[in-house]
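Here the structure is laid out as structure tokens; the discussion comes afterwards.
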Amino acid sequence: MAVNVRVTGTPQLQRALAAAGARASEAARAALYQEAERVMAASKQEAPVGVDGVLRASGYVEPPKPVGN
């Protein structure tokens with residue numbers, strides 16, 4: 001599933017992101033991954049254990065993959 005995000009804001013933010021270039025993209029991917037890991041950990045606490053714990057053990061987070069620019 002593709003997700004398109006458009007960020008608008010102050011000109012200062014846009015200039016900072018443009019100046020950061022690839023570093024901004026890398027930082028955004030890292031932050032996204034960290035947040036997804038946090039959500040997964042919280043979700044696993046809510047998942048029923050069941051007989052063998054397969055549901056709880058089945059969740060994982062893949063690192064974001066850069067596509068385009």
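Under the 4.5 Å side-chain criterion, counting only non-hydrogen atoms from C-beta, P63 is not in contact with R29.
For E35, the side-chain contact (heavy atoms from CB on, under 4.5 Å) criterion is met by R38, V39, not counting sequence neighbours. For Q45, the side-chain contact (heavy atoms from CB on, under 4.5 Å) criterion is met by no residue, not counting sequence neighbours.
To the nearest 0.5 Å, atoms NZ (K44) and OH (Y60) are separated by 11.0 Å. Distance check, rounded to the nearest 0.5 Å: CD of E26 to CZ of R23 gives 9.0 Å.
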